[in-house]
Amino acid sequence: MTGADAAVRTLQAHGVRHIFGLCGDTSLPFYDALYRLDHGMDHVLARDERSAAYMADAYARVTGRVGVCEGPSGGGATYILPGVIEANESSVALLSITSDIPVTARGRYPLTELDQRALFAPLTKWNAVVDHVSQIPHIFRTAFRAATTGRPGAAHIGLPYDLQKQHVDPADIWADPRHGSFPGYRTGPDPDLIGAAAEAMLAAKRPAFICGGGVILSGACELLAELAEMLDAPVASTVSGHGVIADDHPLAVGVVGANGGTDETRAAIADADTVIFVGCRAGSTTTEHGAVPSRHVPIVHIDIDPMVVSGNYRVEAGIVGDALLSLSALRIEIERRLAGERRHSGAAERLTGLKAAKRTAFDRLASSTETPIRPERVLAALQATLPADAIIVADPGTPCPYFSGHFQLNSTGRRFITNRAHGALGFSLPASIGAQIGAPDRKVVAVMGDGSFGFAVGELETIVRKQLPITMIVFSNASFGWIKASQKDGYGERYFSVDFSRTHHARIAKAYGVKSWTVRDPLELDAVVRQAVAHDGPTLIDVIAQPLEQSAVPVSKWMG
């Protein structure tokens, strides 16, 4: 068995079903092994290594399995980095494999030589470059274990060309099946800390939860709702946590923070006398730089990462552990202390008025016939058309705050995907490919600005080649809107190097083979959205949209 064969067989042993990647010279033995061996995995050829990593990221988020991406040495290794760091900082289990120059060529100035071990070290949870062919099975197993246990994250393996052609003992090929999905082995909380947290939560008269993506990743949404109902506590979410509770639940607040939060959601958290963070970092965007909740409110913090707990707020009680296990233990302890009683603080009644005011303001703008088309009108058209289990994949800029703040997700789980760790443009188009491949029976919509479209346009070919029925929405305002809005807000409208020429996105999409429309009249939008969503192939709608700096976007602080 060659080293390349061993790599393929070890991926197979971990239950990998899809690999996203791009070919290169140093990857040839690996590709040949994928061609020759009967392994049951599908290789999705991307048009850019960064796109391959974004595909693997979104695939992992919707399936719960490790997302696998690969690329060649040199430029391939550098191009794949943005997607790797995004997954790592978003706590998504991802394995990045980059082939490398031969071990025997190191230091002899071969083409594409770089220090992959040093390059990936600060950007991953775990990282290794293979030095001997016999290490390949062990290193692959270690990468899967690192990616899926504790706080999930990204692992990287550098795979030299010559080692792929040397031989390894087939008896070394095995895998722990628990490490093919995440969380692999769950970490339970300290019972003493559960007691302290329960005491702090029960001492509150108006507790509230702020929950992040960790609740969704751990599968703890149902438990969270049960605990919130027991305490009559509102539940808000971070951008990545959108979906921890159904938006039509009486205790659901919606997304809070500088990106997607509104006056109404802000008021819901400001009213709390204790805040419980679950599965989130309590970072600057979520807390509006520590302003909501205030520094004087008692805090309970639950997270799998011990460095996160009390990282930004002084805590009354902290719990380090998996969200599912921690909330389960808390429910048991609180139920014991309440002895069957259920708290009633009037939270649902207070939230009803706040949510009604927020919806009224949104509906007024969503019914506007102004041109250019208001983003609210686009959201309303999609809300009325998409099936209940549709997945929204959003880029930063216009899509992220609007869909975070106003799109109703009336079911729990992963229905909203965005790259909130680093907010790089060009995420949603390739990420929607990974999401659609991971969830082939669900409708996937990619929403992006025209700036983001320019970053990832080449992946239209991938969508057409794979015949994926993704609907893409482009908010066209001929500028990098977030930066332009920031220049308006903080720099006296001194707009510098943020505007570009308008592009005919529908024509470009049509050239790739995508059914497409350009919409300028808001009265035509609903019908076009219905056609696009109903079409059985890929579609794109180019919406000539209101510039972000002129809109009512739910952003309180442009520098998040």
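Values reported hereafter were calculated over all heavy atoms of this structure, with side chains retained and with hydrogens, waters and symmetry mates removed.
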K.L.:
Classify the side-chain pair Ser310/His301 by whether it contains a donor and acceptor separated by less than 3.5 Å.
P.N.:
no
K.L.:
Taking it one step at a time, do Asn419 and Ser90 satisfy side-chain contact (heavy atoms from CB on, under 4.5 Å)?
P.N.:
CA-CA 8 Å; Asn419 54 326; Ser90 297; over 6 Å; no
K.L.:
Answer yes or no: are there more than 12 heavy-atom neighbours, outside Tyr313 itself, under 6.0 Å from its atom OH?
P.N.:
yes
K.L.:
Give me the atom names and distance for the closest heavy-atom approach of Ala268 to Leu351.
P.N.:
CB-CD2, 3.8 Å
K.L.:
For salt bridge (charged side-chain N to carboxylate O under 4.0 Å, His left out), just list the numbers for Lys355 and Glu264, CA-CA rounded to whole Å, side-chain angles, deciding distance to a tenth of an Å, and then say yes or no.
P.N.:
CA-CA 7 Å; Lys355 290 194 283 190; Glu264 294 80 13; over 6 Å; no
K.L.:
Please name the pair of heavy atoms, one in Gly243 and one in Ile216, separated by the smallest distance, quoted to 0.1 Å.
P.N.:
C-CD1, 4.0 Å
K.L.:
Has Arg65 got its NZ or CZ under 6.0 Å from the middle of the six-membered ring of Phe182, at an angle within 45 degrees of the ring axis?
P.N.:
no
K.L.:
For Arg342, is there an ion pair with Asp232 - N to carboxylate O distance below 4.0 angstrom?
P.N.:
no
K.L.:
Working to the nearest 0.5 Å, report the span between CZ of Phe427 and CE of Met55.
P.N.:
11.5 Å
K.L.:
Go through Asp542 and Ser476 one step at a time and tell me if the side chain to side chain donor-acceptor pair (under 3.5 Å) criterion holds.
P.N.:
CA-CA 7 Å; Asp542 188 17; Ser476 294; 2.3 Å; yes
K.L.:
Might you work through the salt bridge (charged side-chain N to carboxylate O under 4.0 Å, His left out) test for Lys488 and Glu549, ending with a clear yes or no?
P.N.:
CA-CA 7 Å; Lys488 177 182 180 180; Glu549 76 277 4; over 6 Å; no
K.L.:
Between Arg281 and Glu89, does any side-chain N to carboxylate O distance fall below 4.0 Å?
P.N.:
yes
K.L.:
Quiz question: by atom type and distance under 3.5 Å, do the side chains of Glu376 and Ser368 form a donor-acceptor pair?
P.N.:
no
K.L.:
What about the rings of Phe20 and Tyr59, do their centers lie closer together than 6.0 Å?
P.N.:
yes
K.L.:
Stepwise, does the side-chain contact (heavy atoms from CB on, under 4.5 Å) test hold for Ile473 with Val445?
P.N.:
CA-CA 7 Å; Ile473 308 289; Val445 177; 4.1 Å; yes
K.L.:
Asp322 and Thr187: side-chain donor and acceptor closer than 3.5 Å?
P.N.:
no
K.L.:
Around atom CD of Glu222, are there more than 12 heavy atoms from other residues, nucleotides or ligands closer than 6.0 Å?
P.N.:
no
K.L.:
Would the Phe209 and Phe277 ring centres measure less than 6.0 Å apart?
P.N.:
no
K.L.:
Do Arg151 and Ser91 pass the side chain to side chain donor-acceptor pair (under 3.5 Å) test, and can you show the C-alpha distance, the side-chain angles, and the key distance before you say yes or no?
P.N.:
CA-CA 6 Å; Arg151 183 185 73 81; Ser91 300; 3.1 Å; yes
K.L.:
Could you go through the side-chain contact (heavy atoms from CB on, under 4.5 Å) check for Ile269 and Ile210 one step at a time?
P.N.:
CA-CA 9 Å; Ile269 297 302; Ile210 298 178; 3.9 Å; yes
K.L.:
At their closest point, which heavy atom of Asn88 faces which heavy atom of Lys125, and how far apart are they?
P.N.:
OD1-N, 3.2 Å
K.L.:
Ignoring hydrogens and angles, state whether a donor on the side chain of Gln546 or Ser551 is under 3.5 Å from an acceptor on the partner side chain.
P.N.:
no
K.L.:
Just so I know, are the side chains of Val297 and Asp273 near enough to count as touching, which here means a heavy-atom distance under 4.5 Å?
P.N.:
no
K.L.:
Are Arg415 and Asp389 close enough for a salt bridge, meaning some N to O gap below 4.0 Å?
P.N.:
no
K.L.:
Does atom CZ (Arg520) have a neighbourhood of more than 12 heavy atoms from anything else shown, all under 6.0 Å?
P.N.:
no
K.L.:
Begin from the C-alpha positions of Ser237 and Val256 and carry the test side-chain contact (heavy atoms from CB on, under 4.5 Å) through to its verdict.
P.N.:
CA-CA 6 Å; Ser237 82; Val256 294; over 6 Å; no
K.L.:
Could you pull out the closest heavy-atom pair between Tyr79 and Pro82, with the gap in Å?
P.N.:
O-CD, 3.1 Å
K.L.:
If you compare all heavy atoms of Leu425 against all heavy atoms of Arg50, which two are closest, and at what distance to 0.1 Å?
P.N.:
O-NH1, 4.0 Å
K.L.:
Does this structure show an ion pair linking Lys557 with Glu288, if we count only N-O contacts that are shorter than 4.0 Å?
P.N.:
no
K.L.:
Nearest 0.5 Å please: distance from the CD1 atom of Ile245 over to the SG atom of Cys221.
P.N.:
9.0 Å
K.L.:
Do Glu229 and His249 have a side chain donor and acceptor closer than 3.5 Å?
P.N.:
yes
K.L.:
Strictly by modelled atom types, are Thr471 and Lys443 linked by a side-chain donor-acceptor pair under 3.5 Å?
P.N.:
yes
K.L.:
Can we call the ring centroids of Phe480 and Phe500 under 6.0 Å apart?
P.N.:
yes
